[in-house]
Colleague: 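Before I ask anything, here is the structure I am working with.
Only this structure's heavy atoms are used, side chains among them; waters, hydrogens and symmetry mates stay out. All values derive from a computational prediction rather than experimental measurement.
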Amino acid sequence: MKNRRLLLSLLLLVVSLPVVHARSVTDSVRVYYRRGYSVLDRSFAGNGEALDRFIARLDSLTGGNPERILSFTFEGKASPDGSHVANQRLTEKRGARMVEWLRTRIDLPDSAVHIVAEGVDWEGLAELVERTPEVPEREAVLEIVRHTPLWIFDDEGRVVSGRKKRLMDLAGGRPYKYMYEHLFPELRNTSVVLRCEVLVADPVATRMPVRRSLAEAAVPPAPQRLAPREVPSRAGSGAGPREPLHRLALKTNLVYDAVLMPSLEVEYRIDDRWSVNVEGEVAWWKRDSRHKYYQIATLGPEARYWFKTKKPWHGHYVGLFGLGSWYDLENGGRGYKGEFWSVGLSYGYMFPVSRSLSFEAGIGVGFLRTWYEEYLPIDGHYVYQQSSRTNYFGPVKLKFAFVWRLWDQNRKGGAR
């Protein structure tokens with residue numbers, strides 16, 4: 001009798017224990033980008049808060065064990081503005097940048113990473129238009145987005161029209177302009193879809209709850225697609241001061257300033273990889289009574305490519321530049337009056353010191369060709385001696401510049 005009771009007690013105990021097994025669960029997060037950028041900016045559109053919540057949910061389920069992660073799918077998306085090739089390349093960069101950032105937080109195995117570059121998110125645009133009655137010619141817009149081919153060819157195989165062109169031509173461009181301002185910003189994003197395997201307990205003769213998905217964890221779930229009026233077209237939401245997005249920079253080269261040749265530069269940032277710069281320096285000092293002339297003026301454009309940057313206006317760059325100059329140099333004796341031009345490559349590094357100020361260091365190496373006249377001051381006259389030409393290859397520019405960044409696009413009235 002005792003053995004029977006003991007056996008029955010053990011059976012009840014076993015039956016009442018929860019059954020532990022592995023279950024695949026999913027979660028997602030979406031981050032947004034400024035137009036033309038692939039840099040992940042945590043201060044923009046609430047990205048920082050959304051990512052922190054996502055990482056917290058991930059840690060709570062995996063216990064810091066990356067082997068539980070089955071897959072991470074990074075879906076980069078873009079808005080219709082811009083060329084097809086540029087948008088495809090941009091979405092690839094956005095996905096890759098998101099992978100880089102996530103790997104700074106968790107040990108992410110290569111086998112779990114999948115990057116999907118979707119280019120223009122036409123499906124997302126159709127969803128936004130559907131729930132935005134304010135879109136002009138809404139039904140016609142939906143018809144074009146859903147049923148017009150991406151490219152329309154003539155009999156000879158040449159592209160003559162397409163989905164984007166018809167949207168831009170519809171009703172004089174009013175619908176496209178509305179979508180550009182109010183809907184396109186939400187399409188510039190990367191969606192991260194996580195699938196991982198966790199151990200969960202199913203109740204057997206108990207009331208133990210089963211965790212069914214990450215969305216039911218104690219940490220708040222990932223944000224859903226924004227409503228049309230919540231599109232982050234300018235500054236990001238969330239606590240703390242927002243990071244400015246400066247499009248323009250004014251600079252002065254302290255090296256040239258120190259040798260009494262005041263300089264001024266203007267640089268325009270096209271996107272997170274490319275910028276154009278124009279510089280000029282002028283020293284126009286003279287003392288006729290002592291035959292001293294220090295007169296030189298230079299002007300030159302430069303195109304720059306920025307490497308992987310922590311944020312805009314921060315990091316390494318290389319450039320292709322040209323310079324032109326005219327000069328008159330004399331120090332009480334033989335003088336030189338002429339012109340020169342130069343082309344070459346530059347390298348530099350810029351680092352911010354405040355929200356609007358930076359320093360930039362750089363050097364330029366290239367080929368220089370100059371032609372000039374030599375003269376001597378004799379009896380109150382400048383007597384011509386000879387003409388010469390000189391070619392030179394080596395360092396032609398040296399820079400340590402003070403930079404003032406301005407034209408903050410996050411402020412009201414900036415470009416969207």
Colleague: So with a 6.0 Å cut-off around CH2 of W285, is the heavy-atom count from everything else above 12?
Modeller: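 No, the 6.0 Å shell around CH2 holds no more than 12 heavy atoms from other groups.
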Colleague: Step by step, would you call F367 with F393 a ring pair (Phe, Tyr, Trp, His ring centres under 6.0 Å)?
Modeller: CA-CA 4 Å; F367 174 80; F393 181 81; 7.5 Å; no
Colleague: How long is the straight-line distance from NZ of K177 back to NE2 of H182, given to the nearest 0.5 Å?
Modeller: 9.5 Å
Colleague: Show the nearest heavy-atom pair for residues M350 and V403, with the distance to one decimal.
Modeller: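 Between these two residues, the closest heavy atoms are CE-CG2, 4.2 Å.
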Colleague: As an exercise, state the distance from CZ of R138 to CD of E143, rounded to the nearest 0.5 Å.
Modeller: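 Output value for this atom pair is 13.5 Å.
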Colleague: Identify whether the distance between the nearest side-chain nitrogen and carboxylate oxygen of R146 and E130 falls below 4.0 Å.
Modeller: yes
Colleague: Does the side chain of S356 reach to within under 4.5 Å of the side chain of H246, using non-hydrogen atoms?
Modeller: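 Answer yes - side chains close enough.
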Colleague: Could you go through V365 and Y347, starting from their C-alpha distance and side-chain angles, then the distance that decides it, and tell me whether this counts as side chain to side chain contact (heavy atoms under 4.5 Å, CB included)?
Modeller: CA-CA 9 Å; V365 177; Y347 165 78; over 6 Å; no
Colleague: Between E330 and Y375, is there a side-chain donor-acceptor contact under 3.5 Å, judged purely by atom types and distance?
Modeller: yes
Colleague: Donor-acceptor check, side chain of R405 to backbone of S358, threshold 3.5 angstrom: yes or no?
Modeller: no
Colleague: So does E302 pair up with K397, basic N to acidic O under 4.0 Å?
Modeller: yes
Colleague: Within the 3.5 Å criterion, strictly below it, is a donor on W306 or S275 matched to an acceptor on the partner's side chain?
Modeller: yes
Colleague: Just by distance, do the side chain of D52 and the backbone of E49 share a donor-acceptor pair under 3.5 Å?
Modeller: no
Colleague: Whether the side chain of D328 engages the backbone of I296 through a donor-acceptor N/O pair (distance < 3.5 Å, no angle test) should be reported.
Modeller: no
Colleague: How far apart are the closest heavy atoms of R97 and R273, and which atoms are they?
Modeller: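 Minimum heavy-atom separation between R97 and R273: NH2-NH2, 2.8 Å.
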Colleague: Going by heavy atoms in the side chains, are V141 and L167 under 4.5 Å from each other?
Modeller: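 Yes. Closest side-chain heavy atoms under 4.5 Å.
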Colleague: Counting only N and O atoms by type, is there a donor-acceptor contact under 3.5 Å from the side chain of T298 to the main-chain atoms of G324?
Modeller: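 No; judged by distance alone, with no hydrogens or angles, the pair does not exist.
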Colleague: Which of these passes salt bridge (charged side-chain N to carboxylate O under 4.0 Å, His left out) with E267: K399, K251, R247?
Modeller: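 Going through K399, K251, R247 one by one, the salt bridge (charged side-chain N to carboxylate O under 4.0 Å, His left out) with E267 is satisfied by K251 alone.
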Colleague: Would the distance check show the side chain of T91 and the main-chain N or O of Q88 forming a donor-acceptor pair, the cut-off being under 3.5 Å?
Modeller: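 Pair found, side chain donor or acceptor close to backbone of Q88.
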Colleague: Can you confirm if the aromatic rings of Y349 and F359 lie within a centre distance of less than 6.0 Å?
Modeller: no
Colleague: Considering residues at least two apart in sequence or located in another chain, which fulfil the side-chain contact (heavy atoms from CB on, under 4.5 Å) criterion with W101?
Modeller: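 Here the qualifying residues are L40, R42, L51, I55, M98, T104, R105.
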Colleague: Are any side-chain N or O atoms of S161 and backbone N or O atoms of I152, one a donor and one an acceptor, separated by less than 3.5 Å?
Modeller: no
Colleague: Is a donor on one side and an acceptor on the other found under 3.5 Å between the side chain of T132 and the backbone of V135?
Modeller: no
Colleague: Run the ring pair (Phe, Tyr, Trp, His ring centres under 6.0 Å) check on Y176 and F184 step by step: do they pass?
Modeller: CA-CA 10 Å; Y176 189 88; F184 285 4; 5.4 Å; yes
Colleague: Does D121 reach the main-chain N or O of L187 with its side chain, forming a donor-acceptor pair under 3.5 Å?
Modeller: no
Colleague: Roughly how far, to the nearest 0.5 Å, is OH of Y372 from OG of S387?
Modeller: 9.5 Å
Colleague: For W313, does the six-membered ring have the charged nitrogen or CZ of R269 within the cation-pi criterion, i.e. under 6.0 angstrom from the centroid and within 45° of the normal?
Modeller: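 Output yes; distance and angle both within limits.
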Colleague: So do V278 and L299 actually touch side chain to side chain, heavy atoms under 4.5 Å?
Modeller: yes
Colleague: Are side-chain heavy atoms of R163 and W122 found at a separation under 4.5 Å?
Modeller: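 A side-chain contact exists here, since the closest heavy-atom pair is under 4.5 Å.
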Colleague: Any chance you could lay out the side chain to side chain donor-acceptor pair (under 3.5 Å) test for D257 and T252, step after step, and finish with the verdict?
Modeller: CA-CA 8 Å; D257 295 341; T252 183; 2.6 Å; yes
Colleague: With distance as the sole criterion, is a donor-acceptor pair present between the side chains of Y180 and S79 under 3.5 Å?
Modeller: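 Distance-only check fails for Y180 and S79.
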Colleague: Tell me if the centroids of the rings in F307 and Y305 come within less than 6.0 Å of each other.
Modeller: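 Yes, ring centres under 6.0 Å apart.
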Colleague: I'd like to know whether CH2 of W404 has more than 12 heavy-atom contacts from other residues, nucleotides or ligands below 6.0 angstrom.
Modeller: no
Colleague: What I'd like to find out is whether the side chain of Q386 reaches to under 4.5 Å of the side chain of E373, using heavy atoms alone.
Modeller: no
Colleague: As an exercise, state the distance from CE of M179 to CG of L125, rounded to the nearest 0.5 Å.
Modeller: 5.5 Å
Colleague: Under a 4.5 Å cut-off applied to non-hydrogen side-chain atoms, are L329 and Y294 in contact?
Modeller: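 Yes, their side chains come closer than 4.5 Å.
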Colleague: With distance as the sole criterion, is a donor-acceptor pair present between the side chains of E265 and N277 under 3.5 Å?
Modeller: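 On atom types as modelled, these side chains qualify, holding a pair under 3.5 Å.
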Colleague: Could you tell me whether K292 atom NZ has more than 12 heavy atoms of other residues or ligands within 6.0 Å of it?
Modeller: yes
Colleague: First locate atom NZ of K165, then atom CG of D169, and finally report the distance between them rounded to the nearest 0.5 Å.
Modeller: 4.0 Å
Colleague: Carefully, step by step, assess L345 and V318 under the rule side chain to side chain contact (heavy atoms under 4.5 Å, CB included).
Modeller: CA-CA 7 Å; L345 298 176; V318 293; over 6 Å; no
Colleague: Please identify each residue that fulfils ring pair (Phe, Tyr, Trp, His ring centres under 6.0 Å) with F340, with sequence neighbours left out.
Modeller: none
Colleague: Tell me whether S325 contacts the main-chain N or O of A297 through its side chain, where contact means a donor paired with an acceptor under 3.5 Å.
Modeller: yes
Colleague: Evaluate V396 against F321 for side chain to side chain contact (heavy atoms under 4.5 Å, CB included), listing each step before the verdict.
Modeller: CA-CA 11 Å; V396 293; F321 68 86; 3.5 Å; yes
Colleague: For Y317, is the NZ or CZ atom of R304 found under 6.0 angstrom from the centre of its six-membered ring and inside 45 degrees of the ring axis?
Modeller: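 Relative to the ring axis of Y317, which defines the angle, R304 lies inside both limits.
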Colleague: Report the C-alpha distance between Y37 and F44 in whole Å, list the side-chain angles of each, state the deciding distance to 0.1 Å, and finish with yes or no for side chain to side chain contact (heavy atoms under 4.5 Å, CB included).
Modeller: CA-CA 12 Å; Y37 278 77; F44 182 66; over 6 Å; no
Colleague: Quick one: CD on E134 to CG on L183, what's the gap to the nearest 0.5 Å?
Modeller: 9.5 Å
Colleague: Closest approach of Y33 and V39, non-hydrogen atoms and distance?
Modeller: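 Closest heavy-atom pair between Y33 and V39: CD2-O, 3.5 Å.
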Colleague: Could you tell me which non-hydrogen atom of V266 sits nearest to which non-hydrogen atom of L248, and how far apart they are?
Modeller: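 Smallest heavy-atom distance, with atoms named: CG1-CD1, 4.0 Å.
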Colleague: Which pair of non-hydrogen atoms, one from N87 and one from P80, has the smallest distance, and what is that distance?
Modeller: ND2-O, 3.8 Å
Colleague: So R334 and E374, salt bridge (charged side-chain N to carboxylate O under 4.0 Å, His left out) or not? Walk me through it.
Modeller: CA-CA 7 Å; R334 184 176 292 268; E374 299 181 29; 2.9 Å; yes
Colleague: I need the minimum non-hydrogen distance between A126 and V145, along with the two atoms involved.
Modeller: CB-CG1, 4.0 Å
Colleague: Can any side-chain N or O of D41 pair as donor or acceptor with the backbone N or O of N47 at less than 3.5 Å?
Modeller: no
Colleague: Counting heavy atoms not belonging to E123, are there more than 12 under 6.0 Å from its CD?
Modeller: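 Not more than 12 within 6.0 Å, no.
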Colleague: Do the side chains of L128 and E186 get nearer than 4.5 Å, heavy atoms only?
Modeller: yes
